[in-house]
Amino acid sequence: MKDFVIRNPKEEDAEQIGSLDFVLNMTYLYHGDLDKRNMLCAVSGEDKIIAVAHLMEHETFHAAGHDEDKDFIRYLKFQILFADGVEDEQIKDALTDALIIRSREIKAEHLDKRIVLAEYLDADNLKDLSYYLARGFTIRDTIVVFRFDLSQDIPRYPLPEGCRCCHFY
């Protein structure tokens, strides 16, 4: 798609944002400290929102007691959502660039802090992993998610010698 612009949301965009993602819409409408500059919309020539990208400060961003620690990382999380779940790489490129520009503006306000732009992806999401790695992002941390199929029996393991189980009161 060639005919689109990237801009911050307007009040009249709330319904369209809501059709993309309910939680994002609630954030947009009711999150009092959401800086509207941290939300970017890809809008078609017909004023239809095609995709939305947004930045959110992770709870580490304003963590106390780390001002002297130059290695402490403060995260700016981001997410890009497409209308109807249909991705367009040209739009994704433009939104990614806009997110990086906005993140650099935020970094300029906090020169003494180490700030990282972060997106949480599943390890098997090879398409997005490849996309971001090709654009200079690096894999910083990995999060292991354990799953247990609840339709299976719970395994029973013998207690180590000298241990016993008792009811907690």
#### Entry: Single-linkage hydrophobic cluster V5~I101, side-chain heavy atoms < 4.5 angstrom
no
### Message
Show me the pairs that pass side-chain hydrogen bond (donor to acceptor under 3.5 Å, both in side chains) and involve residues 151-162, at least two apart or across chains.
### Response
D149-S151
### Query
What is the minimum heavy-atom distance between A123 and L129, and which atoms define it?
O-CD1, 3.4 Å
### Task
Can you measure from CG (L20) to CG (D84) and round to the nearest 0.5 angstrom?
8.0 Å
### Message
Please report the interatomic distance CG(N8) to CZ(R102), rounded to the nearest 0.5 Å.
### Response
8.5 Å
### Query
Can you tell if the side chain of K113 reaches within under 4.5 Å of the side chain of K70, non-hydrogen atoms only?
no
### Query
Mind checking whether I50 and V86 have side chains closer than 4.5 Å, heavy atoms only?
no
### Task
Could you tell me whether the side chain of D88 and the main chain of Q90 form a donor-acceptor pair under 3.5 Å?
yes
### Query
Side chains of L159 and C165: closer than 4.5 Å at any heavy-atom pair?
yes
### Message
Is there a side chain to side chain contact (heavy atoms under 4.5 Å, CB included) between L76 and I115? Walk through the geometry before answering.
### Response
CA-CA 7 Å; L76 280 174; I115 299 174; 3.9 Å; yes
### Atom pair OG1 (T96) and CG (L40), whose distance is rounded to the nearest 0.5 Å
10.5 Å
### Query
Salt-bridged, E105 to R37, with N to O below 4.0 Å?
no
### Message
Strictly below 4.0 Å, N to O, side chains only: are K92 and D128 in salt-bridge contact?
### Response
yes
### Task
Mind listing the closest non-hydrogen atom pair of S103 and L117 along with its distance?
OG-CD1, 3.3 Å
### Message
Can you give me the closest heavy-atom contact between R114 and F72, atom names plus distance?
### Response
CB-O, 3.5 Å
### Task
Using the salt bridge (Lys or Arg N to Asp or Glu O under 4.0 Å) rule, take K48 and D13 through it: C-alpha gap first, then chi angles, then the decisive distance, then the call.
CA-CA 9 Å; K48 181 179 184 283; D13 293 333; over 6 Å; no
### Task
Compare every heavy atom of V52 with every heavy atom of I49, then report the nearest pair and how far apart it is.
CG2-CG2, 3.6 Å
#### Entry: F148 atom CZ, over 12 foreign heavy atoms within 6.0 Å
yes
### Task
Answer yes if the ring centres of F78 and Y132 are under 6.0 angstrom apart, and no otherwise.
yes
### Rounded distance (nearest 0.5 Å) linking atom CG of L99 with atom CD of Q79
10.5 Å
### Message
Return the CE to CG distance between M56 and D35, rounded to the nearest 0.5 Å.
### Response
11.0 Å
### Message
Between F137 and V116, is there shared hydrophobic-cluster membership here, with clusters defined by ILVMFWY side-chain heavy atoms closer than 4.5 Å?
### Response
no
### Summary
NE2 (H66) and CZ (R74) are apart, to the nearest 0.5 Å, by 7.0 Å
### Task
Apply the test side chain to side chain donor-acceptor pair (under 3.5 Å) to residues N125 and D122: give CA-CA distance (whole Å), side-chain angles for both, the deciding distance (0.1 Å), then the verdict.
CA-CA 5 Å; N125 186 344; D122 290 330; 6.0 Å; no
### Message
Using salt bridge (Lys or Arg N to Asp or Glu O under 4.0 Å), reason through D93 and R135 one step at a time and then give a plain yes or no.
### Response
CA-CA 9 Å; D93 288 344; R135 280 150 186 81; 3.0 Å; yes
### Heavy-atom closest pair, residues I80 and L95
CG2-CD1, 3.8 Å
### Message
By the ring-ring contact (aromatic ring centres under 6.0 Å, His included) test, which pairs, at least two apart or in different chains, include something from residues 38-61?
### Response
H58-Y75, F61-H110
### Same apolar cluster (I L V M F W Y, side chains within < 4.5 Å links), L81/M39
yes
### Query
For I17 and P9, which heavy atoms make the closest approach, and how far apart are they?
CD1-CB, 3.9 Å
### Query
With the 4.5 Å side-chain cut-off for hydrophobic clustering, are Y131 and L121 part of the same group?
yes
### Message
Quick one, E119 with K77, criterion salt bridge (Lys or Arg N to Asp or Glu O under 4.0 Å). Give me CA distance, side-chain angles, the key distance, then yes/no.
### Response
CA-CA 6 Å; E119 164 73 307; K77 301 180 299 182; over 6 Å; no
### Task
Check whether more than 12 heavy atoms from other residues, nucleotides or ligands sit under 6.0 Å from atom CD of E15, and answer yes or no.
no
